[in-house]
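Encoded as structure tokens, the structure appears first; notes follow it.
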Amino acid sequence: MGLSDRQIGVLFPGPWRRPLSYTCRVDVPVGSVVLAPLGRTSRPRLGLVMESEGDHPGPVKEVWRVVGDGPSIPMDLMHLIGWAWRWLGVPMGRTLDLVLPRWLFKGEERLMSPPECTFDADRGPRMDHALAPCDADRFMEGVHRCLAVPGCKGVLALLPERTMVRPRLEDALSAGFKALEWPRTPAGQRRAYSRLLSGEVDLVVGCHGAAFVPLPPGWTVYMDDESSESWRPVSYPTFSIRALVVERCRVGGLHLVLGSRFPSSRVYLRVKGAAEGSVGAIERVSQVRLQGGSDGSPPGYVTAPLIRRTRQVMAKGASAIWILDRKGYVGAITCSDCGAEFRCVRCGSPMRSDLISSQMACPACGFRAKILDRCPRCGGAFFQVGRVGLQAVFQEAQGVLKGARVRLVEGPLSDPELRDLVGLSREGPLLVVGTRAVMPLCDLMEVRMMAWLDVDGEAASVAGYDGDARAMGLVYESLWRGVDPQPRWLMLQTRSPNSGWRRYAGQGWRRFWEVEMAERARMGLPPFGCMVRIGASQEQMGELRSVLESLEERGIISGVVEEDGGALVHLSERSRVRDLIDVIGANGHPTGEFPWVVVFSD
């Protein structure tokens, strides 16, 4: 390294936990984008300067050149990179992959410069809430709340799923807004951003990709359906985009309005004194008892009340949806007493029985574990391997609904599949049998009946403590999502009608959260505390156990529950996720491997 060279820290999009050291012959401000070689090849990559100084003792590569003049990313987005690593354990390069506006660049040139923001890491949040069960009403209320902020020049409206964008855009255009949909291509995004900066538009509607658009002063943010599972990208480590948006708005001084159909636990603590809005759905919900055979066999899901109600709906020319989150013919391992499914502790997918090895395996991520002796929910000791999946239900539906048009959907719907099903619904009544992945159909077509064939299984979760809240959220979504939901009928098939969380189905979220939050507060569960699940094999458990004992002595964690495949720990009130990861991560873990970690804070 020459005397005129200096070291800087450069972060690249990807799995990198921290910046890499490079030399540079000129002063480069933090936030600038540089072109530098990465890895063994000399292929140039765009990276972000995170540190203006470095002291790496060994030889390091040299930055090729600086792209553009000055920072290429505003400070509110820069802040998220370090914040997500400290508090959520998300590698810095992963967050950079989300927040770097690549559409500002074309090849190796920067075509546009983002505006500066009024960054202040110590300011408090400026937050409001829009509470309404109906999507269209909630969206317009949220946008108008944003516009009511003094000095507001425009609104960035974020929706959790792409099928929601076009209907809400049409609502906004009909209401007289100068609105546009955030495009998917870099060229389209540059054109849209130019219109945003010039003042030609006052409302931008988009999905995940629009969450980190650099905003000029005076703009506000509306985030719809803040508790939706769709705000969690399918990636590792898992996290919620909502957490990043809330923090970005706080430090950037952006007024944020969160829309809630069914509020999350954290939002409930803020709005528990507010009105719920017009719920009035009790008369639209029915619960049907599921009963197994006398020999202990799994229940039949195509029940007489289900068939009768479906025939009534389709006789009126309307469409219906049956949902069973269980593909194929062979179902999940379920508890004979409460109906809970055994779910993968890593990804949440239903586990499948491997009768040869007496183990259960996850078909999604491959995780394997021994079959438990007791149900983790109710303590029951008797289990059954269900043999009724979507394929069997689909064939039975075709048999009992003679002449009806029935379609099977086993996975996420592509755009052509969505269009085909919507087109079929316009030609006449249609029954769609599928997993919860069919829910986006409600955004594009009228659905007059929704039936959960085994709602007990939906109350399971990776965390274990939030299953009831997840199930209630699905009930609310089934009742209120999409096109003209007021006439929609909801049927819940369950082994325990009107018990537990099911008592509150159709009654609104207030009473449910009052009971749920009292129990969580008593047990120190999120949002009153943070829980972390750490994965470990049987060979690693002894070493992990000693590491966790040390962490408990140091006050970083306040409790440990060992479980098959790892441990569930309670993080101390003043500790951060990074404090834990720094010890069990690649540098501190006894085996030198980086374990999988899932963080639960809401």
Side-chain angles (χ1 to χ4, degrees), residues 13 31 33 46 48 68 70-81 83-84 94-106 110-119 126 139 142-143 146-147 149 152-162 164-166 168-169 172 177-226 230-231 233 240-259:
V33 170
L46 290 176
L48 184 71
S72 294
I73 182 170
M75 279 301 297
D76 58 339
L77 300 183
M78 275 279 294
H79 167 81
L80 293 181
I81 298 171
W83 180 85
R94 175 72 179 109
T95 306
L96 176 61
D97 207 10
L98 289 174
V99 304
L100 180 65
R102 287 185 176 84
W103 42 272
L104 294 178
F105 304 86
K106 187 174 183 180
R110 189 177 74 182
L111 303 182
M112 305 175 69
S113 298
E116 295 184 0
C117 74
T118 57
F119 177 81
R126 301 168 57 195
F139 177 82
V143 170
C146 286
L147 292 173
V149 175
C152 177
K153 297 179 180 178
V155 180
L156 172 64
L158 304 174
L159 300 165
E161 296 186 44
R162 55 186 171 81
M164 298 177 173
V165 173
R166 185 52 60 90
R168 302 290 79 80
L169 178 67
F177 286 96
K178 296 180 292 183
L180 63 79
E181 178 181 351
W182 185 250
R184 301 182 185 181
T185 65
Q189 289 167 348
R190 285 192 292 270
R191 289 192 296 270
Y193 196 58
S194 294
R195 295 182 62 191
L196 184 155
L197 293 178
S198 66
E200 294 181 37
V201 297
D202 56 12
L203 176 63
V204 175
V205 185
C207 198
H208 294 197
F212 306 106
V213 172
L215 294 176
W219 274 66
T220 56
V221 179
Y222 170 68
M223 190 174 202
D224 189 52
D225 199 7
E226 48 83 23
S230 298
W231 286 121
S240 173
I241 290 178
R242 184 195 65 182
L244 299 182
V245 170
V246 170
E247 178 65 9
R248 179 222 175 155
C249 291
R250 183 187 71 82
V251 300
L254 301 172
H255 192 95
L256 172 65
V257 176
L258 292 177

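Bear in mind that the values here come from a model prediction, so they are computed numbers and not experimental data.
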If you take all heavy atoms of [X] and [Y], which pair is closest and at what distance?
X    : Y    : value
A84  : T95  : CB-OG1, 3.5 Å
L156 : A210 : CD2-O, 3.4 Å
E161 : S230 : OE2-OG, 3.0 Å
K106 : R190 : CD-NH2, 4.2 Å
P115 : Y193 : CD-OH, 2.9 Å

Could you tell me the separation between the [atom1] atom of [X] and the [atom2] atom of [Y], rounded to the nearest 0.5 Å?
X    : Y    : atom1 : atom2 : result
L80  : M75  : CG    : CE    : 10.5 Å
L77  : F119 : CG    : CZ    : 10.5 Å
W231 : E226 : CH2   : CD    : 10.5 Å
L256 : R242 : CG    : CZ    : 10.5 Å
L254 : C117 : CG    : SG    : 7.5 Å
D202 : L147 : CG    : CG    : 7.0 Å

For the residue pair [X] and [Y], establish whether any side-chain heavy-atom pair is separated by less than 4.5 Å.
X    : Y    : result
V155 : F177 : no
L158 : H208 : no
F212 : I241 : yes
P114 : I73  : no
K178 : L203 : no
T118 : P217 : no

| field | Residues E181 and R166 bridged, charged N to O under 4.0 Å | value | yes
| task | Applying side-chain contact (heavy atoms from CB on, under 4.5 Å), run through L180 and V204 and close with a yes or a no. | result | CA-CA 5 Å; L180 63 79; V204 175; 4.0 Å; yes
| task | Any pair with a residue in residues 205-219 that passes salt bridge (charged side-chain N to carboxylate O under 4.0 Å, His left out), sequence neighbours left out, goes on the list, sorted by first then second residue, please. | result | none
| message | I'd like to know whether V205 forms a side-chain contact (heavy atoms from CB on, under 4.5 Å) with W182, so could you lay out the CA-CA distance, the side-chain angles of the two residues, the decisive distance to 0.1 Å, and finally the verdict. | response | CA-CA 6 Å; V205 185; W182 185 250; over 6 Å; no
| said: Test your reading of the model: is there a side-chain donor-acceptor pair from H79 to the backbone of R248, 3.5 Å cut-off? | reply: no
| task | Check whether any side-chain N or O of R162 sits under 3.5 Å from a backbone N or O of C207 as a donor-acceptor pair, and report yes or no. | result | no
| message | If you count every heavy atom of other residues, nucleotides or ligands that lies below 6.0 Å from E116 atom CD, does the total exceed 12? | response | no
| H255 and W219: CA distance, side-chain angles, deciding distance, ring pair (Phe, Tyr, Trp, His ring centres under 6.0 Å) verdict | CA-CA 8 Å; H255 192 95; W219 274 66; over 10 Å; no
Atom pairs and distances, donor-acceptor, side-chain atoms in residues 98-105, under 3.5 Å, two or more places apart:
{"unit_1": "R102", "atom_1": "NH1", "unit_2": "D97", "atom_2": "O", "d": "3.3"}
{"unit_1": "R102", "atom_1": "NH1", "unit_2": "D97", "atom_2": "OD1", "d": "3.2"}
{"unit_1": "R102", "atom_1": "NH2", "unit_2": "D97", "atom_2": "OD1", "d": "2.6"}

| Would L244 and W83 count as a side-chain contact (heavy atoms from CB on, under 4.5 Å) if you check the C-alpha gap in whole Å, the side-chain angles of each, and the deciding distance to 0.1 Å? | CA-CA 9 Å; L244 299 182; W83 180 85; 3.7 Å; yes
| query | Between V143 and R168, does a side-chain contact (heavy atoms from CB on, under 4.5 Å) hold up when you go through it step by step? | reply | CA-CA 11 Å; V143 170; R168 302 290 79 80; over 6 Å; no
